[in-house]
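The structure under discussion appears below in the form of structure tokens.
As a basis for the values below, the full set of heavy atoms in this structure was taken, side chains included, without hydrogen atoms, waters or symmetry mates. All values reported here derive from a predicted model rather than from experimental measurement.
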Amino acid sequence: IMAPKRLPRHKLRRSARNYRDNPKSRAKKNAAQRRRNKLKINKKYRAELNRARRKAGQYGKGGKDFSHTKRGKLVRENASKNRARNRSRK
């Protein structure tokens, strides 16, 4: 599968523009993200969501995400809503 074409700079949002213009900054962010992804608690979190998608027959097929509610239950949710939560903009 080919990677999507890069957007022109003027179509990028503020942080994407910053990381494209500052390779050192991007490397620092990616290093921090790699460290975060290695934590046991994050691996367990991702494994739980993958398990739920596999059980529902949705693993690797696109469709809605599974999301944790405040009570810890797993529910299906649009990816855009799930991934927009805890971001500065909606």
Side-chain angles (χ1 to χ4, degrees):
I1 297 175
M2 291 177 44
K5 288 185 178 181
R6 286 177 57 160
L7 287 174
R9 189 180 183 288
H10 72 277
K11 286 193 174 185
L12 296 175
R13 295 281 181 155
R14 190 173 178 183
S15 65
R17 239 189 340 255
N18 175 54
Y19 288 128
R20 185 177 286 179
D21 294 344
N22 299 293
K24 283 184 181 178
S25 193
R26 169 181 247 146
K28 185 176 180 179
K29 175 186 71 86
N30 288 343
Q33 189 68 52
R34 280 193 301 272
R35 283 193 303 272
R36 237 176 274 125
N37 288 339
K38 285 181 187 177
L39 294 177
K40 267 188 180 176
I41 192 163
N42 289 347
K43 286 182 181 180
K44 184 180 174 186
Y45 182 87
R46 289 194 310 268
E48 186 179 5
L49 294 173
N50 284 339
R51 201 175 305 121
R53 283 187 63 79
R54 194 166 272 136
K55 186 176 178 184
Q58 283 296 304
Y59 191 78
K61 296 182 180 176
K64 291 188 174 186
D65 279 356
F66 274 85
S67 164
H68 289 90
T69 63
K70 287 184 179 181
R71 294 183 178 192
K73 185 179 169 191
L74 290 176
V75 294
R76 305 195 74 180
E77 184 175 28
N78 286 333
S80 59
K81 286 193 176 132
N82 184 23
R83 297 171 194 188
R85 194 174 302 108
N86 299 324
R87 263 189 6 193
S88 59
R89 60 184 166 77
K90 297 288 179 196

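Applying the 4.5 Å side-chain rule to ILVMFWY residues, one finds I41 in the same cluster as L39. Using a 4.5 Å cut-off between side-chain heavy atoms of Ile, Leu, Val, Met, Phe, Trp and Tyr, L12 falls into a hydrophobic cluster with L7.
A 4.5 Å side-chain heavy-atom check between S67 and R85 finds at least one atom pair inside the cut-off.
For N78, the side chain to side chain donor-acceptor pair (under 3.5 Å) criterion is met by no residue, not counting sequence neighbours. Residues satisfying the side-chain contact (heavy atoms from CB on, under 4.5 Å) criterion with R71, sequence neighbours excluded, are T69. Taking the side-chain contact (heavy atoms from CB on, under 4.5 Å) definition, one finds that A79 meets it with D65, R83, sequence neighbours left out. Shown here are the side-chain contact (heavy atoms from CB on, under 4.5 Å) partners of P8, two or more places apart in sequence or in another chain: H10, K11. For R34, the side-chain contact (heavy atoms from CB on, under 4.5 Å) criterion is met by N30, A31, not counting sequence neighbours. Legend: residues meeting side chain to side chain donor-acceptor pair (under 3.5 Å) with N22, ordered by chain and number and at least two apart, are N18. Judged as a salt bridge (charged side-chain N to carboxylate O under 4.0 Å, His left out), and not counting sequence neighbours, E48 has no contacts. Residues forming a salt bridge (charged side-chain N to carboxylate O under 4.0 Å, His left out) with R35 (at least two apart in sequence, or on another chain): none. Annotation: side chain to side chain donor-acceptor pair (under 3.5 Å) contacts of R9 (sequence neighbours excluded): D21.
Residue-environment remark: NZ (K55) stays at or below the threshold of 12 foreign heavy atoms within 6.0 Å. A 6.0 Å sphere centred on CZ of R46 holds more than 12 heavy atoms belonging to other residues, nucleotides or ligands.
The backbone N or O of E77 lies less than 3.5 Å from no partner atom in the side chain of N82, so there is not a single donor-acceptor pair.
Nearest heavy-atom pair across K64 and R76 is O-NH2, 4.0 Å.
Evaluation of the ring pair (Phe, Tyr, Trp, His ring centres under 6.0 Å) test over residues 17-73, restricted to residues two or more places apart or in two chains, returns Y45-H68.
Interatomic distance, R26 CZ to K29 NZ, rounded to the nearest 0.5 Å: 6.5 Å.
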